[in-house]
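Data first, discussion second: the structure below is written as structure tokens.
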Amino acid sequence: MKTWKLSTLDALFAAIAGKQTLYIPADVAGQPVFARWEPGLAMTRALNTGRSAKDLFFPQVEDLARFRVAGKTVSVSPAQALQEPFVIFGVRACDCRSFDILDSVFLAEPADTFYQARREQATVVTLACSQPEETCFCTSLGIDPQAPGGDVSCWMAEDTLYLQANTEKGEALLASLPRLEDGEKPDADSSVFDKLPLKDLDFSAFSGKALMDWFNSPVWERLSQSCLGCGSCTFVCPTCQCYDVRDFDTGHGVQRYRCWDSCMYSDFTMMAHGTNRPTQKERFRQRFMHKLVYHPNNHGGQIGCVGCGRCLQKCPISMNIVKVANALKEGKA
Amino acid sequence: MNLTRDPLIPMVAQVTDIRADTPDVKTFRVVGLDGKKPMEHIPGQCAMLSMPGVGEALFSITSSPTNEDYLEFSIKKCGCVTNWLHAIEPGQQLTLRGPYGNGFPVDTDFLGKDLLFIAGGIGLAPLRSVINYVRHYRERYGSVDIVYGARSKEDLVDYQEILTQWCREDGIHVHLTIDNPQPDWEGHVGFVPNYVKELAFDTGKTVVMCGPPIMIKFTLAGLEELGFRRDQVYTTFELKMKCALGKCGRCNIGDKYVCKDGPVFRLDQMTQLPDEY
Amino acid sequence: MQSRVIEKAASLLESGACTRVLGWKAGAFFYDVTPAVFTCAQEVREQMVFNPFCGANLSKYLIAESRKEGRIAVFLKPCDTFSFVQLQKEHRIARDKVWAVGVQCRGMCDIDSLKELGLKGVTAVEEAEDDLRVTTLYQEKTISRKEALSPRCHTCKSRKLLDCDELIGDQGQDLPSSRFAQVEALEAMTPEERFAFWRGELSKCIRCNACRNVCPACSCEKCVFDNPNSGVQNKAAASSFEENLFHIIRAFHVAGRCTDCGECTRVCPQHIPLHLLNRKFIKDMNEFYGPYQAGGDFDAKPPMLAFTLDDPEASIITNGRDGQ
Amino acid sequence: MQVNETFTPTIVAFCCNWCSYAGADLSGTNRLQYPANVKIIRIPCSCRLNPMFILRAFQRGADGVILCGCHPGDCHYTTGNYYARRRMTLLFSLLDFMGIERERTRVEWVSAAEGAKFAATMNDFTQTITRLGPNRRLEDLRCKVE
């Protein structure tokens with residue numbers, strides 16, 4: 001295990017950024033977000049970013065290809081996948097787990113090469129939590145916020161940053177940094193995690209029962225009735241991966257891009273003859289069935305949620321996966 | 001690092017021939033820019049056709065894999081992309097990617113079986129690929145019955161091919177029906193589900209069905225009345241898709257993605273899935 | 001207040017005066033209350049809450065709810081009643097299907113205001129007169145209710161309860177408000193500063209559409225931004241232009257109908273002060289065409305549906321700069 | 001402010017069919033000069049101008065947008081231009097509030113008989129926009145030709 005003085009954290013960032021692009025969680029226009037580090041940019045004091053770390057692997061908007069159309073002919077020039085290595089510092093354990101969930105979708109055959117390239121170029125440096133928010137429930141999904149994983153795990157204690165490489169990529173990053181000293185981190189106090197109000201959520205029930213029982217639960221009607229049908233929960237969610245592919249006519253060609261989409265939107269499944277999820281109830285059910293039942297069914301029981309608590313904080317009407325999971329298990333809303 | 005072309009990036013292809021089948025269905029013949037067939041496929045698989053700036057949409061490949069020169073797509077005019085397709089002329093280039101989906105089990109489960117094809121309207125498009133494949137390898141399969149219905153005689157897709165080829169082959173029984181009586185129509189009049197019941201097929205047959213959801217629902221009920229089991233019935237679905245790779249997240253019926261796990265499903269699989277289609 | 005609201009709701013259901021009640025349902029925490037429709041009195045007594053965090057404006061739900069069978073009772077705070085009246089003016093709510101209970105308001109609290117005060121991990125809040133006793137994972141602290149107010153409540157324009165069938169608390173009155181101060185401060189900046197301010201704010205937008213979907217004035221059956229034939233259907237903020245376009249048009253489409261309830265800013269997950277765009281329109285309309293409060297009454301003609309022969313020309317726009 | 005000698009702005013002029021569109025014709029038949037980079041879009045009435053059109057024009061490369069309609073009181077449809085006047089006043093005020101140069105947008109009332117006024121207005125507006133420089137604050141980088 002290596003150490004670095006927290007008082008000179010800026011110098012550590014400068015050393016990393018001297019070799020490759022570095023992203024850290026910082027306040028930009030008052031909002032904590034993963035931002036490209038430049039001299040003077042300080043880490044946010046917020047526990048986590050408002051938007052999740054998925055932005056760096058699956059950006060909200062991304063060009064896929066450009067087309068030229070002339071008369072009856074069409075030509076394609078594909079966009080280039082990212083080829084520059086980068087480091088993302090300060091990822092919390094929940095967001096780090098979300099990469100596994102995104103991987104299981106995007107890296108499944110046939111792999112998404114844009115996503116894959118970013119994953120291969122990235123070195124993920126995680127940061128252990130010591131002061132969780134009340135909305136945190138990663139522990140009930142089997143995540144240890146004090147052992148966050150990634151290529152390098154970091155802990156902050158007193159005036160020291162402790163770094164532990166977990167992978168070859170992590171070793172290489174640490175080896176490239178000057179003045180790292182050896183040290184052992186002190187045992188962290190984990191008592192606050194025992195006080196978390198949502199720590200005892202149990203998601204195991206969802207893989208134990210038939211899909212149709214959950215689907216036909218009477219609670220959906222009531223749970224979805226106040227849903228506004230906005231996309232806040234899906235866009236701040238670190239595991240939501242649905243996207244749309246759209247064309248933009250620039251006037252001198254056509255740009256095909258993909259952008260985040262939300263299953264909460266009325267046009268998500270709209271076809272020429274109509275939609276198969278006509279009301280908010282079906283759309284709402286799709287989102288939570290996907291997280292709690294469909295995704296685990298298709299990916300070895302892996303729940304599509306990491307307990308980051310963003311949807312608890314951001315939903316305009318305070319409806320969220322915790323309320324849904326509890327209501328489903330109780331069978332009443 | 002992996003620098004292969006992303007599966008979302010299409011190739012350019014060319015439409016060489018356009019045939020008007022019915023007032024709102026045209027069949028498009030598509031080849032690669034080298035003039036050859038752009039891809040190999042299994043009957044029932046689909047491909048993404050797109051015109052940059054207009055949109056991209058998924059279509060069943062109508063031609064049989066045994067056709068070595070081109071792909072065909074029978075397409076009904078109903079939305080953005082299809083409206084555009086219906087307005088183009090031969091020689092137009094467009095983009096193509098695929099093939100996608102599982103296709104029908106023509107080389108496994110169907111082998112040696114008596115096949116009953118049931119189609120309604122444009123639902124014949126995905127079945128035509130299977131029917132022509134079966135006709136090509138006639139000795140591998142048992143008897144073939146085809147029940148095909150449309151709103152009117154003019155709406156019967158591939159009517160000429162049906163009359164001049166399918167109807168004339170031994171061991172293939174074609175049963176056509178239209179919804180309402182018409183002066184120049186001497187065949188059966190009535191909806192497909194009722195016609196299937198009237199024909200009272202032998203319950204040993206394997207059923208391959210495609211058509212509007214309402215037809216599928218009623219025909220299935222009729223078949224069950226006749227004594228067919230759900231695991232004898234195959235159908236093919238289509239829902240809104242953007243990627244066709246199982247990633248964009250919208251074409252699922254329960255935990256199954258139509259693009260990746262379908263579009264062909266055996267109906268006993270559907271009993272454990274929601275009715276969201 | 002909570003007990004009076006719950007009793008009223010339960011008795012309306014028990015007497016059969018209403019078949020449903022639109023109110024708030026308790027969540028895991030004191031502050032995460034969800035708007036909900038209750039159908040039986042027992043449910044109301046068990047689950048309904050009315051606390052200082054019930055900030056959501058329930059008026060918009062009445063568009064759909066008042067189209068259903070039976071009468072629905074709804075609890076409206078003063079600023080919600082402005083939306084209620086405005087929606088009736090637009091013929092969006094069937095008034096006879098609604099039993100409106102006005103609830104007087106001292107300003108609503110917001111969890112984000114607590115976080116601004118540096119309170120992390122808030123697990124419980126207890127209301128005690130003008131104080132809130134806050135329990136967090138790390139400490140217990142008593143703060144004044146005023147500190148916890150939602151920013152919009154600091155510049156409350158009116159505590160008048162409009163068009164209610166009955167009241168809990170007094171009728172209330174208009175308040176002297178400094179709600180245009182922030183707009184004026186921006187007007188006083190140079191165009192370059194204003195541009196930088198808005199670029200900074202709007203570049204945070206993730207196009208989740210929460211501002212649009214929560215807005216009681218955004219009641220179109222199909223929004224222009226959802227129309228694939230409009231040419232502006234963009235699900236993501238694909239460029240800085242798209243960000244600007246969306247927010248300009250969103251604000252413009254509700255100009256003269258926006259009651260300034262502030263829901264857009266409350267729900268923004270990125271904390272963009274969206275209400276400032278709407279408020280700028282309100283301020284301009286007041287200055288150019290005479291004072292008008294959307295939803296303030298049933299008679300006044302909305303400025304965007306009216307004109308006078310001697311309306312000022314666009315050259316009137318000075319935005320704080322002295323006579324250009 | 002940046003003065004660029006070589007910069008030729010693109011101006012989009014939305015002209016009411018019943019007045020300024022004819023006014024543009026008249027200025028042509030009278031051989032009055034106005035810059036060729038003024039692109040005229042005919043609309044049936046000044047109140048047909050959806051604010052979205054103005055923003056879209058900027059997106060697609062306009063450096064200035066001007067609306068020409070009938071003089072107040074002269075609307076072919078009686079009142080259209082009165083509504084347009086309110087809408088444009090508010091919209092332009094908001095654009096200004098967001099830091100988009102106030103001079104980039106303009107409303108001018110030009111009748112069918114005012115060919116000279118049309119030409120003068122366009123000359124003046126073009127000069128103003130040339131002085132302002134290219135539209136940067138409401139541009140869409142995707143639409144720039146590389």
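The sequence lines fix the lettering, A, B, ..., with proteins before strands; numbering per chain opens at 1. Please read these numbers as outputs of a predicted model, since none were measured by experiment.
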Would you mind checking which part of [X] comes under 4.5 Å of any heavy atom in chain D, side chain (CB onward), backbone (N, CA, C, O), both or neither?
X: P312(C); result: backbone
X: T308(C); result: both
X: L305(C); result: backbone
X: A196(C); result: neither
X: F252(C); result: side chain
X: E193(C); result: neither

Count the heavy-atom pairs under 4.5 Å between each of [options] and chain D, then report the option with the highest count.
options: A306(C), A251(C), G256(C); result: A306(C)
options: L202(C), V183(C), D310(C), L309(C); result: L309(C)
options: I248(C), N244(C), T190(C); result: I248(C)

Please tell me if the side chains of [X] and [Y] come closer than 4.5 Å, counting only heavy atoms from C-beta onward.
X: R194(C); Y: M98(D); answer: no
X: L141(D); Y: F241(C); answer: no
X: R56(D); Y: L245(C); answer: yes
X: M304(C); Y: Y83(D); answer: no
X: S93(D); Y: K280(C); answer: yes

Which pair of heavy atoms, one from [X] and one from [Y], lies closest together, and at what distance?
X: L276(C); Y: F97(D); answer: O-CE2, 3.9 Å
X: F307(C); Y: T79(D); answer: CZ-CG2, 3.3 Å
X: M52(D); Y: V224(C); answer: CE-CG2, 3.7 Å
X: R102(D); Y: A314(C); answer: NH2-O, 3.3 Å

Contact winner vs chain C - T105(D), L90(D), L91(D), D140(D), heavy-atom pairs under 4.5 Å: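 Top count of heavy-atom pairs under 4.5 Å with chain C: L90(D).
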
Worked verdict on F195(C) versus E101(D) for side chain to side chain contact (heavy atoms under 4.5 Å, CB included): CA-CA 9 Å; F195(C) 182 73; E101(D) 302 92 336; over 6 Å; no

Flag if over 12 foreign heavy atoms under 6.0 Å of NZ, K222(C):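 More than 12 within 6.0 Å, yes.
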
More than 12 heavy atoms of other groups within 6.0 Å of R48(D) CZ: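 No, the 6.0 Å shell around CZ holds no more than 12 heavy atoms from other groups.
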
Structural part of P51(D) lying under 4.5 Å from a heavy atom of chain C: both

Proximal component of E139(D), with respect to chain C [non-hydrogen, under 4.5 Å]: backbone

E192(C) vs R137(D), salt bridge (charged side-chain N to carboxylate O under 4.0 Å, His left out): CA-CA, chis, key distance, verdict: CA-CA 10 Å; E192(C) 287 69 32; R137(D) 295 182 185 171; 3.3 Å; yes

Rounded distance (nearest 0.5 Å) linking atom CG of D311(C) with atom OH of Y82(D): 9.0 Å

Axial cation check for F288(C) ring with R86(D), 6.0 Å and 45° limits: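 No cation-pi geometry.
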
Salt bridge E242(C)-R142(D), side-chain N to carboxylate O under 4.0 Å: yes

